[in-house]
Amino acid sequence: MVKDDFLERVIDVLQKHEKFEYIDFEININDGVLKIIYLIEPKFHILFNDKNHFKTREEGESYDIFGEACPGKFSFKDTFLLIDKNEVYIKIHDWLDSIWKEISTESPLSLLVEEQKNVEQICEKFDHIEGYFTTDELLKIDRKLDELKEEFGMEIKNMVRDPKLLEVELTKLNNDFETLKQTAPYLKRKGWIKSFTGRVLHNLSRLLKLQQKSILNSFSEEK
C-alpha cells in the first residue's frame, strides 16, 4: 500500500507549480501504479509503475520505477527508469514544465521569430570585423561545429522514428556543417559568420518542423 506522505508530496508538487492549479489534474493510484492526467488535455499524462509501492529504498536494495511521460522533454512521449522515489517528484515537475511549453505561447513559430532576432543581433556585432580566420581559430571552429552538429543530431534522433527519414535528415545536417568547415578558410570572418548563423537558423527551423510532425504523428497513433 502506498503511504500517505508519498501522495502528499505528489500533490504538493502539483500545487506549487506556478503555471497550473491542482484541480487541473486527476491522480489515480492502484497496486503500485501512479498515473496523473492533465484534465484539460487528457492525452497529457505521466505514469509510474513501482512494484515496491513507492517505499523508501533501503541501502543496497535494488529499486526500479518504470514510467512514461507525455509530453516528454525531447519527444511527444518519453519512457524512463528511476531508482528512487524522490526522483518521482522531480520527474513530475519536469513533466509539468513540458506541458506548459506545449500549450504556452512558446510555439515553434514564436521560437523561430526569436531565433531570427538572435541571429540578426549576432551578425550586427561582427559588422566591423574583416580579415580571415587564423589557424588556431579554424581549429576551434572545427571543434565547436562538431559539438553543435552532435547536439542537433541528438535532437533529430529523438524526433524521427522512420529510419529512412532519419538518414535523410542527418545527411542534410552533415552537409550543412561540412560546408561550414570547408568554407571557413576561404571566407572572411564577417561573411563566414553570416553563413554560419543562417545555417544554424535553417537547421533550427527544420528541427521545429520535425517536432511538429512528431507531435501530430503521436496524436494520430493514439486515436
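Numbers here are sequence positions counted from 1.
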Besides V33, the hydrophobic cluster formed by Ile, Leu, Val, Met, Phe, Trp and Tyr side chains linked at under 4.5 Å, directly or via other members, contains L47
Residues at least two apart in sequence or cross-chain that pass ring-ring contact (aromatic ring centres under 6.0 Å, His included) with Y38, listed by chain then number, are F20, F25
inquiry  = For a 4.5 angstrom cut-off between non-hydrogen side-chain atoms, does L14 reach I92?
reply    = yes
Cluster membership besides V168, Ile/Leu/Val/Met/Phe/Trp/Tyr side chains within less than 4.5 angstrom, sorted by chain and number, is none
Hits for salt bridge (charged side-chain N to carboxylate O under 4.0 Å, His left out) against E178, two or more places apart or cross-chain, chain-then-number order -> none
Notebook entry, point to check: Are the side chains of T179 and F177 in touch, meaning some heavy atoms are under 4.5 Å apart?
Noted result: no
Sorted by chain and residue number, the side-chain contact (heavy atoms from CB on, under 4.5 Å) partners of E21 (sequence neighbours excluded) come out as I23, D24
By side-chain contact (heavy atoms from CB on, under 4.5 Å), I90 pairs with (sequence neighbours left out) D94
Contacts under 3.5 angstrom, residues 139-152 side chains, donor-acceptor by atom type, not counting sequence neighbours:
from	atom 1	to	atom 2	distance (Å)
D146	OD1	K181	NZ	2.5
D146	OD2	K181	NZ	3.4
K149	NZ	N174	OD1	2.9

Sorted by chain and number, sequence neighbours left out, side-chain contact (heavy atoms from CB on, under 4.5 Å) with Y132 holds for K188
Between the NE2 atom in H45 and the CG atom in N28, the distance rounded to the nearest 0.5 Å is 11.5 Å
Salt bridge (charged side-chain N to carboxylate O under 4.0 Å, His left out) filter on K16, not counting sequence neighbours, yields D12
(Q) Which label fits W192 and F133: parallel for a plane angle under 30°, tilted from 30 to 60°, or perpendicular past 60°? (A) perpendicular
Residues passing the salt bridge (charged side-chain N to carboxylate O under 4.0 Å, His left out) test with D50, sequence neighbours excluded, are none
Do the numbers put K91 on top of the ring of F80, so that NZ or CZ is under 6.0 Å from the six-membered ring centre and no more than 45° off the axis?
yes
With sequence neighbours left out, the residues meeting side-chain contact (heavy atoms from CB on, under 4.5 Å) with L39 are E26
| query | Is a side-chain N or O of W100 found less than 3.5 angstrom from the main chain of K19, in a donor-acceptor match? | reply | no
